[in-house]
There are 2 protein chains.
Amino acid sequence: MPGQTSRPATITDVAARAGVSVPTVSRVLTGAARVSPDKRRLVEAAISELRFRPSAAARVLASRRSQVIAVIAGETSRYGYAETIRGVEEAARAVGYTVMITVVESADQDELDRAMSATLSQPIAGVIVLKFDPPGVAALHRVPADLPVVALSGVREKNIAQAVLDETRAAEELTAFLLGLGHATVHHVRVPPSRREDGRTTGWRRALRKAGAEVITPYDATWEPRSGRAIGHEIAADASVSAVFCGNDEIAMGVVRGLNDQGLRVPEDVSVVGFDNHPLAEMWSPALTTVEQDFAGMGRRGFDLLAQLVNGEDGRTFSSERPRLLVRDSAAAPAPQRG
Amino acid sequence: MPGQTSRPATITDVAARAGVSVPTVSRVLTGAARVSPDKRRLVEAAISELRFRPSAAARVLASRRSQVIAVIAGETSRYGYAETIRGVEEAARAVGYTVMITVVESADQDELDRAMSATLSQPIAGVIVLKFDPPGVAALHRVPADLPVVALSGVREKNIAQAVLDETRAAEELTAFLLGLGHATVHHVRVPPSRREDGRTTGWRRALRKAGAEVITPYDATWEPRSGRAIGHEIAADASVSAVFCGNDEIAMGVVRGLNDQGLRVPEDVSVVGFDNHPLAEMWSPALTTVEQDFAGMGRRGFDLLAQLVNGEDGRTFSSERPRLLVRDSAAAPAPQRG
DNA sequence: CCCGATTCTGAAAGCGCTATCAAGACCCCG
DNA sequence: CGGGGTCTTGATAGCGCTTTCAGAATCGGG
């Protein structure tokens, strides 16, 4: 058996081995046209004997179709990002697609182009952009117009195919919940926003307005939990704060820790709620009241939407998911001595 | 300006526009051979005017070289996995490579082949396997022999290029630290192991043996923090437990929470240490004593190693990283009334 | 038993690029 | 001023597959 370890088998080898023509092998590969059962059997046998694996590069070149999609994101490691990507990958894998990951760290044009060009020159069927942060937003604008693209984010927008997680409504519900507990107002610690104002902040503001509560300028946190801790220290020094809505659970945990550092108890002295339902949120002491965000689900739907676009189906559709409020132990009625 | 929105420009279009031959354009693209400055300028102008972006598919087909690597992992979302992948992507992007992600959920051969074949038929330069769990190990065995491959894991092995994070030593140090605090022995809660015995368990056992301490059968946790909490409940009921070494920080947080649920304090009643230095470990109350694992660094080195292999350089090398012990507040001398 | 309709199959032509090779241009030195 | 380099360039031939397109084979109905 010569050629065992030599170069990988090509479609020509398979055709020769099976005693058929190259196009016939191609036909059984793609399933595009009918092939008689006996030839099909011969071809399949040859394929497995030769351990033939079609070259995606050649395939793409000839067919002008690809089974790869690119995911462009400003981050990959934090909870929301990682889960979203997991959802995309899962849905993609289920239908034989592979996903490429490209991280865009900066919104600067040149850096962006450099980071994206390697990926965009790959043969990809479409792009999914995680529009969670400024680099994501910038990346979205630089995707070539001829490529199908789906944006994933927390806020709806026009003229673009997207899957969204309705942050605004979730934030509004959560804030209203806090207000319902009797807090005069709710302070907000926001995570780095993707635009002038993210959905979480909008929802929070909206709930406050509806209730006629005072809207206090939000604190700005980074993605690092320790930035939340520092803000917790600030908040501890301000006796007017009785309830805090944090942009995500990790920041909320930092805030709680910062409050504890200063001898304040949650929820007895200050109520704190998070966002996302991070796996550790329920482990935290006190268990964090938060709102669940189905990132993986958004990722899956985003892929499904992209698949539709790739197949030339309608694309202006978008799917929104209803968030679920998780009432746990970190929020309670306000303490009389604060605020 | 016709063809503005029509099909993307090809190298032929560029050549025509610049008034040179196709190979000349190719030469400025690849930088493989010298081109006179004036022709180079012409070509570059044509490229940017036409917004030409070379087709990676055609390139791969003609040159038999690819700028894409595949990362195969059993997971993508948990801390260690996500960080490792982040490191790989970072190093890859720095030199113009793109990374493809493939998740292998099961170690079952058929499922594995199905999940991997989509990726392996892509034109990839090499593969990085996260050998953290059984699916990862199984995947490693099914990578075609002709493809450069690097394994990433916590334990060294022979005959394979790999980047490792020396878990065994780290676990040994951490266990020895606990023993040094005066604990008679240290209990272990292990995360799903990648083989008969993972490095963390080995290091723990080794430290115990060296100290002549009793080796108690480990508790088995899943990757879910809540499994740690359940184990915390078990541990609370066993008064002989005074120190617990958890396979990772997330499990440790679960264990601490489980202990708290039963009215036990950490570290006053029981000492608990984690592993990895998860971003929330220092936020936790008490701040978790743990050992830092530079997953991203391992990912970067893994990529560098793979790049060497791809370039035909020696590959048996492997880089190991020295873990760093982080002593915080979750471990203390044993309480006299327990154990 | 003939003819058009239906399957199935193979020859040939690319897909967009790189690799090879040989030809032309230019240089230097004896 | 001729011979042997060194550079730069273009013609040509694929890379491994899919896609026409047309021919061969089979079938059914009148």
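Just so it is clear: chains get the letters A, B, ... in the order the sequence lines come, proteins before strands, and each one is counted from 1.
The residue among B:Thr24 and B:Ala62 whose nearest nucleotide of DNA chain D is located toward the 5' end is B:Thr24.
Contact between the side-chain N/O atoms of A:Ser36 and the OP1/OP2 oxygens of C:dT9 is found at a separation under 4.0 Å. Taking only side-chain nitrogens and oxygens, A:Arg34 never comes nearer than 4.0 Å to OP1 or OP2 of C:dT7. Distances shorter than 4.0 Å separate none of the side-chain N or O atoms of B:Lys39 from OP1 or OP2 on D:dC7. Note on A:Ser26: a side-chain N or O is less than 4.0 Å away from OP1 or OP2 of D:dT18. The shortest distance between the side-chain N/O atoms of B:Ser21 and the OP1/OP2 oxygens of D:dG10 is below 4.0 Å. Of the side-chain N and O atoms in A:Arg65, none sit less than 4.0 angstrom from OP1 or OP2 of D:dT18.
As a whole-Å value, the separation of A:Leu61 CG from D:dT19 P is 12 Å. Here D:dG16 presents its P atom at 18 Å from CZ of B:Arg59, a figure rounded to the nearest Å.
Looking at A:Arg78 and A:Glu75, a side-chain N of the basic residue comes within less than 4.0 Å of a carboxylate O on the acidic one, giving a salt bridge.
For B:Pro23, the side-chain atoms get nearest to D:dT12 when compared with the rest of D:dT12, C:dG16, D:dG16. Of all nucleotides listed (C:dG10, C:dG16, D:dT8), C:dG10 comes nearest to the side chain of A:Val20. Comparing D:dG10, C:dC17, C:dT9 by their nearest atom to the side chain of B:Thr10 picks out C:dC17.
If you take CG on A:Leu305 and CD on A:Glu313, they are separated by 10.0 Å, rounding to the nearest 0.5 Å.
In this structure, a donor-acceptor pair under 3.5 Å is present between the side chains of A:Glu83 and B:Ser77.
Counting distance only, with no hydrogens placed and no angle test, the side-chain atoms of A:Arg27 and the base atoms of C:dG10 include a donor-acceptor pair under 3.5 Å.
A:Pro193 and A:Asp198 get closest at one heavy-atom pair: CB-OD1, 4.0 Å.
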